[in-house]
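Here is the structure we will look at, set down as structure tokens.
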Number of protein chains: 2
Amino acid sequence: MPRVKQRTEALRERALTGALAILATEGAAGLTTRAVAGRAGASVPAVYEVFGDKAGIVREIFFAGFRQLEDELTALPAADDALAGLRGLAEGFRQFVLRNPMLAEVMFARPFADFDPMPDEAGAKVRTIFTQHVRDAVDARRLRGDPADIALVFRTLVEGLAMAEATQRLGGSRQSVDRRFRLGVNTLLKGFARA
Amino acid sequence: MPRVKQRTEALRERALTGALAILATEGAAGLTTRAVAGRAGASVPAVYEVFGDKAGIVREIFFAGFRQLEDELTALPAADDALAGLRGLAEGFRQFVLRNPMLAEVMFARPFADFDPMPDEAGAKVRTIFTQHVRDAVDARRLRGDPADIALVFRTLVEGLAMAEATQRLGGSRQSVDRRFRLGVNTLLKGFARA
DNA sequence: AGTTTTACCGTAACCTCGTTACGTAACCTA
DNA sequence: TAGGTTACGTAACGAGGTTACGGTAAAACT
């Protein structure tokens, strides 16, 4: 048998960690295959063997981002009120985007021309979390309508507002941004509220 | 005096038209400086002289897109009811995105790592259109609140829903997509409605 | 008309990055 | 210790953004 393999799952994980660090510090433009390889102490072909191609790296970043988001949203303190729970969900989503702007850009904008996550498998669990919270609110008779529809609209608004805030498009002062974010969330929930 | 200039404003316009065509047919990946030059019957340095760099091309596409969107939203038939006007605005925005998916991607996602339109000058007029419609609704006592805030939230939701629809993330059947889009718009307006 | 000047133009190159062919070397076995 | 098998990294290729540079057309002057 030949020499021992170095292009293993361990390298894959190390390279992914490095790729996330590069993305956070250098931005999408700095995320090159050579940079990922160098940071992982590996050769470029090694990175290609573990990830397939560059889109594979982006895909893993994408999945890692949704796993982290899912963890953070799951770890949110439970609210006694279903509507408060939805507001907390929105705020948790917002904080994730603000703390990980580059990662959020990869997840919710598409800075890389290749790689569309058509079968939106990555975000499925996050979507489930939103739907479950909405379902709770519907069951508690605080909201009215189809939970899947409501959750989709709610998540779309929250994502849009959070991304707008992260890219400085939501206003100037901290207070006006806060106000607008909460206004959007509260108003939509009010519209969905049971008469 | 030397020979007559060819790298003029006329070339700039011709190249921009070609760039928009390339974007619409080949997508963001096909939009290379060489392709733009070739389509305009010009050399690559000629394109650089008129646009500065590739970000300059993207920037012009960006502006052209917002001009077109502005024109379409301005040309929308006037509604007798202020709320119907806002619904029509949302539908007009939606149709623009559906008819120009690649252009919308450049305008509202960020497929190009360089070039952030930080001073969102391009979208200023579109934003004004939204704000004016909201102001009309507030003046007509159909909505309550600060028009700028309402318009920002409203546009964020409409943009998010339209982009989600364009990227097949809003559902499967035409009917469910239609239903969700209208649900989102109507519910938010309901939330903003005067008691 | 011929020459000179001027500045405009496109060819061809440079650099980075995604991607991969290929020669080299490590490890096991006999 | 020789051979075979296979993993590894160097170095190259092609595409795309960007630009140096020399050729050349047109005006101006004699």
Side-chain angles (χ1 to χ4, degrees), chain A residues 1-16 18-23 25-62 102 105-106 110-116, chain B residues 1-16 18-23 25-62 102 105-106 110-116:
Chain A
M1 289 293 161
R3 61 217 254 186
V4 293
K5 251 192 166 302
Q6 301 173 17
R7 303 176 175 180
T8 76
E9 183 63 26
L11 169 61
R12 183 186 174 87
E13 290 172 14
R14 187 155 36 96
L16 176 56
L20 286 165
I22 291 170
L23 180 65
T25 56
E26 314 285 335
L31 191 74
T32 69
T33 56
R34 285 169 174 81
V36 172
R39 181 152 192 141
S43 67
V44 171
V47 169
Y48 273 85
E49 180 164 335
V50 255
F51 289 113
D53 55 6
K54 181 168 180 188
I57 302 177
V58 177
R59 177 180 295 108
E60 287 309 309
I61 289 177
F62 197 78
M102 305 292 189
E105 193 180 347
V106 173
R110 297 288 143 77
F112 300 100
D114 42 7
F115 171 61
D116 345 73
Chain B
M1 290 292 164
R3 65 217 256 183
V4 292
K5 248 188 168 302
Q6 301 173 18
R7 303 176 176 181
T8 75
E9 183 63 26
L11 168 62
R12 184 186 173 88
E13 290 172 15
R14 186 154 36 94
L16 177 56
L20 286 165
I22 291 171
L23 180 65
T25 56
E26 314 285 336
L31 190 75
T32 69
T33 56
R34 284 169 175 82
V36 172
R39 181 152 193 139
S43 67
V44 171
V47 169
Y48 273 85
E49 180 163 335
V50 251
F51 289 113
D53 55 6
K54 180 165 182 192
I57 302 178
V58 177
R59 176 179 296 107
E60 287 310 307
I61 289 177
F62 196 79
M102 306 291 188
E105 193 180 348
V106 173
R110 297 288 142 76
F112 300 100
D114 41 9
F115 171 62
D116 346 73

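Chain A is the first sequence line, chain B the second, and so forth, proteins listed ahead of strands; every chain is numbered from 1. The basis for the numbers below is simple: all heavy atoms, side chains too, and nothing from hydrogens, waters or symmetry mates.
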Answer yes when A/Glu60 and A/Arg12 have at least one side-chain N-carboxylate O distance shorter than 4.0 Å, and no when they do not. yes
So does A/Tyr48 get a backbone contact from the side chain of A/Lys54, meaning a donor-acceptor N/O pair under 3.5 Å? no
Do side-chain atoms of B/Arg110 reach the backbone of A/Pro111 as a donor and acceptor pair under 3.5 angstrom? no
Going by salt bridge (charged side-chain N to carboxylate O under 4.0 Å, His left out), name the pairs with one or both residues in residues 39-52 of chain B, residues two or more places apart or in two chains. B/Lys5-B/Glu49, B/Arg7-B/Glu49
Between C1' of D/dA11 and OH of A/Tyr48, the distance in whole Å: 15 Å
Give the B/S/- string for nucleotides 9-17 of chain C, one per nucleotide from 5' to 3', where a protein heavy atom under 4.0 Å of the base yields B, of only the sugar-phosphate yields S, and otherwise -. BBB-B---B
Residue from B/Val36, B/Ile61, B/Val50, B/Leu11 passing side-chain contact (heavy atoms from CB on, under 4.5 Å) with B/Leu16: B/Ile61
Whole Å only: how far is the CZ atom of A/Phe51 from the P atom of C/dT20? 16 Å
